[in-house]
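Below: one structure, written as structure tokens.
Lettering of chains follows the sequences in order, A, B, ..., and the numbering in each one begins at 1. Basis for what follows: all heavy atoms, side chains included, without hydrogens, waters or symmetry-related copies.
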Amino acid sequence: MDQYDHKKLEEKWQKIWEEKQLYKTDDNSSNPKFYALVEFPYPSGDGLHVGHPRPYIGMDIIARKKRLEGFNVLYPIGWDAFGLPTENYAIKTGISPAEVTKNNTDNFRRQIKLLGTSFDWSREINTTDPKYYKWTQWIFLQLYKHGLGYKAKAIINWCPKDKTGLANEEVINGKCERCGTAVEKREKEQWILAITKYAERLDKDLDTVDYSPQIKLQQKNWIGRSEGAEIKFNIEGEEASIIVFTSRPETIYGATYLVLSPEHFFVEEFLKRETIENKDKVNSYLQKSKATTEIERTSLSKEKTGVELKGIKAINPATKERIPVFVADYVLPHYGTGAIMAVPAHDERDGQFAKKYTLPTKEVIDGSKLINSENFSGHSIQEVKEELVDLVGGKMKTTYKLRDWIFSRQRYWGEPIPIIHCAKCGTVPVPEKDLPVELPEVENYHPTDSGESPLAVISEWVNITCPKCGGEAKRETDTMPNWAGSSWYFLRYIDPENTNALADPEKLKKWMPVDWYNGGMEHTTLHLLYSRFWNKFLFDIGVSPVNEPYQKRTSHGFILAPDGEKMSKSRGNVINPDDVVNTFGADTFRLYEMFMGPFDQAVKWSTDGILGPRRFVEKIWKQFEKVNTKTTDKETKSLLEKTIKKVGEDIESMHFNTAVSTLMILGNQFDKVSEINQLDFERFLIILAPFCPHLSEELWEKCGHSTSIFAEKWPAHNPQLITEEESNIVIQINGKMRGLVKMSADSEQEAVFLAAKGLPEMAKWLGKTEPKKIIYVPGRLLNIVI
RNA sequence: GCCCGAGUGGCGGAACUGGUAUACGCGCACGACUUAAAAUCGUGUCUCGCAAGGGAUGUGGGUUCGAUUCCCACCUCGGGCACCA
């Protein structure tokens with residue numbers, strides 16, 4: 001047998017697969033469909049590092065197994081290519097982002113192909129392709145037309161020196177990443193998408209999908225549904241009133257003051273009035289809070305700060321008491337109504353604040369009963385909650401932490417928002433026939449001095465005639481955030497060339513929903529939620545055939561550099577898969593990435609660790625010499641059946657690391673025997689094939705087959721050969737293992753006890769004393785308590 | 001700070017629904033082969049103890065006949081916190 005030559009072998013099979021279009025998905029197949037999806041990468045200039053392939057390989061194993069099980073599998077890939085790093089690179093070098101993207105995607109494609117993944121490359125998509133973003137823009141227009149896209153003022157990070165808006169990521173310790181100037185907050189008109197209108201469904205419909213529990217929980221917490229009440233507090237001697245939201249309206253008798261967020265519109269109102277006695281102090285507090293981040297503001301450990309609006313008092317509608325009104329930044333503007341009634345006795349933050357400013361504290365709850373609450377005292381919370389809210393003229397209300405989605409970016413490298421501003425007609429959507437609104441060439445990719453996107457200075461692009469009245473008009477120059485293109489890409493894979501619709505409705509019906517979507521833990525809230533939102537909207541307008549886009553969602557962990565740090569070019573600790581594949585081969589690489597640790601947890605790359613999988617691959621290669629027509633011995637045969645069962649189950653549950661170790665145990669057993677029956681070996685090759693497709697194809701061919709191993713059927717295991725007549729029953733004394741008896745698994749307790757007594761090593765334990773208690777777990781364990 | 005995870009040999013990790021802790025792999029040690037080395041193969045490898053036996057799954061408690069697994073408190077690390085992708 002010739003030497004195992006991974007290069008020769010992997011090139012050979014990758015070429016054959018491509019020529020035969022083995023992984024091209026047939027829309028017309030009558031087999032049951034299976035849509036496997038991984039998050040498409042952002043093609044950075046650094047190229048692929050060994051962390052990228054982990055999900056691709058994991059899903060590839062699942063996709064290959066599903067094909068072997070007779071499914072018609074769709075397993076596509078593409079590029080999520082709009083975004084900051086490419087734009088920043090363009091600003092630095094002057095090379096156009098489109099060109100940079102082209103180079104990067106070419107490199108990524110080459111690298112991914114080296115891994116022997118079974119992507120259907122004929123469906124490759126790119127979010128920066130006008131043919132693609134035409135439909136991203138089209139979706140935006142539908143959102144706009146349905147009242148889900150609106151313009152409003154929102155706060156952005158602003159660098160006063162660079163005169164440009166900054167992403168949070170570009171703000172380092174409150175300073176501009178580029179020039180170190182202190183970053184300010186600025187209000188700016190922005191396009192916003194009303195995702196909160198979908199909050200209830202996004203929350204409730206989680207019950208209908210198969211996401212891992214921690215993913216569901218994190219989504220739920222992010223959406224943050226909270227049932228409470230809105231209650232109006234009148235301002236003494238004025239028409240004005242403040243509406244607060246509280247999740248605990250039953251504590252209203254304990255509300256001893258009100259707090260407004262610094263951004264609350266009433267704060268500005270009140271400051272205009274002569275009644276406020278401490279305007280300077282309030283104003284300086286407002287200034288200070290502008291410089292504080294939200295994380296600092298909401299921190300429980302941070303000392304609460306605030307300032308009273310001196311000169312006004314609110315009236316507690318339950319007690320009719322006059323209570324002070326404060327401005328404090330621990331109250332956030334976008335949650336509830338941006339104003340709260342403070343109940344220091346029963347809320348930790350209110351309590352801290354009240355202590356600091358020596359405000360009265362009044363207990364109104366004792367266990368589950370109300371106290372000090374006039375007629376309501378003595379009643380349980382549940383009983384009187386709604387009645388109480390009624391009495392004070394409030395109304396029950398469900399609120400969400402989820403906020404609307406700020407959709408504008410003042411950047412170049414994103415989808416132009418397809419809107420036209422006409423002096424006469426106002427905001428006019430670009431007519432659908434004029435889509436896509438293509439990104440024009442610009443000389444300078446840097447935002448303008450006024451903070452507009454670089455598109456704003458291209459007058460021949462900006463100035464346009466109004467499609468409604470034909471008068472002078474201007475294009476919207478904001479672009480979309482990177483999230484836009486990735487919020488619907490799973491639909492486009494289904495019909496990537498379609499020019500009449502984002503995808504053919506029949507095809508969508510055939511393929512949706514995605515059966516299994518794997519992605520990074522870091523996308524659990526934003527991307528996952530945004531894409532669920534877009535799909536729900538598209539479902540509502542009859543475009544997507546399903547209410548939920550992803551039937552199942554799992555996540556993978558990072559691969560860290562050997563030093564335990566995140567891999568990055570700047571740290572200089574990047575491991576390039578090209579080198580690893582070159583030295584060890586794609587099959588070994590795949591095996592190692594799956595073997596190195598639990599798929600959903602972060603794990604460090606080890607350059608030595610890959611030797612184990614490589615030795616395994618060579619071992620299997622050599623074992624082909626033992627293959628003949630003789631019968632495989634009983635022990636090996638039984639282990640093979642167990643392995644088939646376990647590997648199948650482990651793939652389904654993404655326990656790839658234990659699947660590989662199970663394959664290794666069988667490989668070790670094959671080493672011990674001198675003969676392996678060919679049919680048995682072939683069944684082994686099929687379950688190995690998803691992990692090591694090249695090696696398996698080659699050995700399959702050597703077994704005399706002329707068709708691909710992936711045209712075979714996933715083998716069924718024979719359960720009868722797995723069950724052993726005898727099993728080891730553990731004998732414990734006081735919960736510690738002291739012996740072992742080999743007996744039939746359905747033995748009775750008495751029989752096992754007798755057998756245990758017969759063991760020589762038991763004499764010293766069981767000597768004369770009578771056991772106090774005996775616990776028997778049938779077929780597994782006998783615990784004797786003495 | 002808040003939300004979601006994780007912590008087991010020298011290292012990566014395994015242990016099904018509470019039932020033999022350390023599977024599999026790396027490394028290391030010794031041996032075989034070799035003039036030698038590499039590769040390969042074999043044996044051993046949590047720890048204390050001559051042994052009987054004891055101790056170990058981040059720390060401290062608890063529940064249980066029995067806890068890596070369940071509960072409480074704490075420590076450390078990773079992810080997210082809405083304009084990174």
Side-chain angles (χ1 to χ4, degrees), chain A residues 39 41-42 44 80 82-85 154 156-157 165-171 190 195 212-222 224 293-302 334 401-411 481-483 486 520-527 529-530 555 557-558 560 564 566 592 595-598 600-613 615-616 618-619 622 646 649 655 657-658 660-665 667-668 671 728-740 764 771-775 777 780-786:
Chain A
E39 285 167 349
Y42 178 81
S44 76
D80 185 17
F82 275 130
L84 266 189
I156 63 162
N157 299 310
L166 297 175
N168 287 344
E169 197 192 44
E170 298 172 294
V171 181
Q190 308 267 28
I195 188 173
S212 71
Q214 70 266 33
I215 295 178
K216 268 195 196 181
L217 200 54
Q218 226 175 323
Q219 285 246 328
K220 283 222 178 238
N221 291 343
W222 184 263
T293 68
E294 210 159 282
I295 290 175
E296 289 166 349
R297 283 172 64 163
T298 52
S299 171
L300 260 176
S301 63
K302 184 206 146 208
H334 35 62
K401 281 212 182 80
L402 183 67
R403 317 209 287 253
D404 274 348
W405 175 7
I406 298 174
F407 200 67
S408 280
R409 301 292 183 271
Q410 290 73 45
R411 298 279 181 169
N482 169 272
W483 308 104
S486 60
M521 217 38 184
E522 70 277 19
H523 293 293
T524 302
T525 43
L526 296 181
H527 160 67
L529 206 64
Y530 290 150
S555 45
F558 280 111
L560 304 169
K566 240 186 213 176
Y592 177 58
F595 181 61
M596 55 197 302
D600 60 356
Q601 276 166 45
V603 62
K604 275 187 275 187
W605 182 269
S606 154
T607 307
D608 290 330
I610 198 169
L611 288 171
R615 285 174 191 147
F616 170 76
E618 286 184 29
K619 184 185 281 186
K622 283 186 205 134
K646 173 115 171 91
E649 290 167 354
H655 292 136
N657 54 335
T658 49
V660 175
S661 91
T662 305
L663 289 166
M664 285 173 166
I665 291 168
N668 291 344
D671 249 9
N728 285 325
I729 297 176
V730 171
I731 309 300
Q732 292 185 336
I733 304 291
N734 292 342
K736 272 189 187 291
M737 187 215 170
R738 297 296 180 194
L740 210 56
K764 63 173 170 270
K772 264 200 228 152
K773 195 173 173 183
I774 297 175
I775 290 108
V777 183
R780 305 191 68 162
L781 172 143
L782 186 83
N783 186 16
I784 304 166
V785 186
I786 53 172

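Among the nucleotides B/rG12, B/rG27, B/rC84, the one closest to any side-chain atom of A/F595 is B/rG12. Distance from the side chain of A/I775 is smallest for B/rC65 among the nucleotides B/rC16, B/rC84, B/rC65. Distances were taken from every side-chain heavy atom of A/N221 (C-beta onward) to each of B/rG13, B/rU40, B/rC4; the shortest belongs to B/rC4. Comparing atom distances between the A/T658 side chain and each of B/rA15, B/rC24, B/rC83 picks out B/rA15 as nearest. Distances from the side chain of A/A167 to the nucleotides B/rC24, B/rC83, B/rG80 place B/rC83 closest. Taking the side chain of A/Q410 as heavy atoms from C-beta on, and the options B/rG80, B/rC84, B/rC83, the nearest nucleotide is B/rC83. Ranking B/rG12, B/rC83, B/rG19 by closeness to the A/N157 side chain, first place goes to B/rC83. Residue A/M596 places its side chain closer to B/rG12 than to any other of B/rC83, B/rG79, B/rG12. Set against B/rU40, B/rC83, B/rA85, the side chain of A/R615 has B/rU40 as its closest nucleotide. The side chain of A/R403 lies closest to B/rA82, out of B/rG13, B/rC83, B/rA82.
Between A/W483 and A/H527, the ring planes are parallel. Angles under 30° get that label, and only those over 60° would be called perpendicular. Taking the six-membered ring where the residue is Trp, A/Y592 and A/W605 present perpendicular rings, their angle passing 60° and hence far from 30°.
Using N1 to N3 plus N6-O4 or O6-N4 for Watson-Crick, or N1-O2 and O6-N3 for G-U wobble, each under 3.5 Å, B/rG49 pairs with nothing. With a 3.5 Å ceiling on both atom-pair distances, the Watson-Crick or G-U wobble partner of B/rG5 is B/rC77. Pairing for B/rU69 is absent, with no Watson-Crick or G-U wobble pair whose two atom distances lie under 3.5 Å. Nucleotide B/rC84 forms no Watson-Crick or G-U wobble pair with any nucleotide shown, as no partner meets the under 3.5 Å limit on both distances. For B/rU63, there is no paired nucleotide, since no Watson-Crick or G-U wobble pair has both relevant distances below 3.5 Å. B/rG12 is paired with B/rC24 under the Watson-Crick or G-U wobble criterion, all donor-acceptor distances under 3.5 Å. The pairing partner recorded for B/rG18 is none, the criterion being a Watson-Crick or G-U wobble arrangement whose two distances lie under 3.5 angstrom. Using N1 to N3 plus N6-O4 or O6-N4 for Watson-Crick, or N1-O2 and O6-N3 for G-U wobble, each under 3.5 Å, B/rA29 pairs with B/rU43.
Separating the CG atom of A/L611 from the P atom of B/rC24 is a distance of 18 Å, rounded to the nearest angstrom. Per the geometry, CG belonging to A/L526 stands 17 Å off P belonging to B/rC4, to the nearest Å. The distance between atom CD of A/Q214 and atom P of B/rC4, rounded to the nearest whole Å, is 11 Å. Atom pair A/Q218:CD and B/rC2:P shows a separation of 15 Å (rounding to whole Å applied). The distance from atom CD of A/Q601 to atom C1' of B/rA14 is 12 Å, rounded to the nearest whole Å. Rounded to whole angstrom, the span from the CD1 atom of A/I733 across to the C1' atom of B/rA52 amounts to 16 Å. Atom CG of A/L529 and atom P of B/rC81 are 13 Å apart (whole Å). Straight-line distance from the CZ atom of A/R780 to the P atom of B/rU17: 11 Å, rounded to whole Å.
Counting any heavy atom pair closer than 4.0 Å across all strands shown, A/N783 reaches a base atom. Backbone-only engagement by A/F558 is indicated by non-hydrogen atom pairs under 4.0 Å involving sugar-phosphate atoms exclusively. Within the nucleic acid shown, A/I784 has no heavy atom closer than 4.0 Å to any nucleic acid atom. Looking at heavy-atom distances under 4.0 Å, A/K220 makes no contact with the nucleic acid at all. Among the heavy atoms of the strands, none lies under 4.0 Å from A/S606. Counting non-hydrogen atoms under 4.0 angstrom, A/P41 reaches nothing in the nucleic acid. In this structure, A/I774 reaches neither bases nor backbone, as no heavy-atom distance under 4.0 Å exists between it and the strands shown. No engagement by A/D600 is indicated, since no non-hydrogen atom pair under 4.0 Å with the nucleic acid exists. Contacts of A/H527 with the nucleic acid, taken as non-hydrogen atoms under 4.0 Å apart, are absent.
For B/rG55, the OP1/OP2 oxygens have a side-chain nitrogen or oxygen of A/K736 closer than 4.0 Å. For A/N657, a side-chain nitrogen or oxygen approaches OP1 or OP2 of B/rA14 to under 4.0 Å.
With hydrogens and angles ignored, a donor-acceptor pair under 3.5 angstrom links the side chain of A/Q732 to the base of B/rG19.
Proximity of A/V660 to A/P613: side-chain heavy atoms (C-beta onward) are nowhere separated by under 4.5 Å. Contact check for A/R738 versus A/I784: no side-chain heavy atoms found under the 4.5 Å cut-off. Using a 4.5 Å heavy-atom cutoff, the side chains of A/Q214 and A/M521 are in contact.
Separating the P atom of B/rC74 from that of B/rG19 is a span of 28 Å, rounded to the nearest Å. Nucleotides B/rA67 and B/rG12 have their P atoms positioned 26 Å apart, rounded to a whole Å. Comparing the same atom, P, in B/rC77 and in B/rA14 gives a spacing of 22 Å after rounding to whole Å. Nucleotides B/rG53 and B/rU63, compared at atom P, are 28 Å apart to the nearest Å. Atom name C1', nucleotides B/rU43 and B/rG79: the rounded distance is 44 Å, in whole Å. B/rC11 and B/rU17 have their C1' atoms separated by 31 Å, given to the nearest Å. Taking atom C1' on both B/rU69 and B/rU64, the two are 13 Å apart, rounded to the nearest angstrom. For the P atoms, the distance linking B/rA38 with B/rG78 amounts to 39 Å, nearest Å.
Taking CD1 from A/I406 and CD from A/Q190, the interatomic distance works out to 6.0 Å, rounded to the nearest 0.5 Å. We find the OG1-CD distance between A/T525 and A/Q218 to be 6.0 Å, quoted to the nearest 0.5 Å. Taking CZ of A/R409 as the reference point, atom CD1 of A/I156 lies at 10.5 Å (rounded to 0.5 Å). In this structure, OG on A/S486 lies 12.0 Å from CZ on A/F82, to the nearest 0.5 angstrom.
Map A/N734 and A/H655 each onto its nearest nucleotide of RNA chain B; the residue landing nearer the 5' end is A/H655. Both A/Q190 and A/V777 lie close to RNA chain B; mapped to their nearest nucleotides by heavy-atom distance, the more 5′-ward contact belongs to A/V777.
Base orientation of B/rG10: anti (glycosidic angle beyond 90° from 0).
For the side-chain contact (heavy atoms from CB on, under 4.5 Å) test with A/N783, the passing option among A/M737, A/K736, A/Q732 is A/Q732; the others fail.
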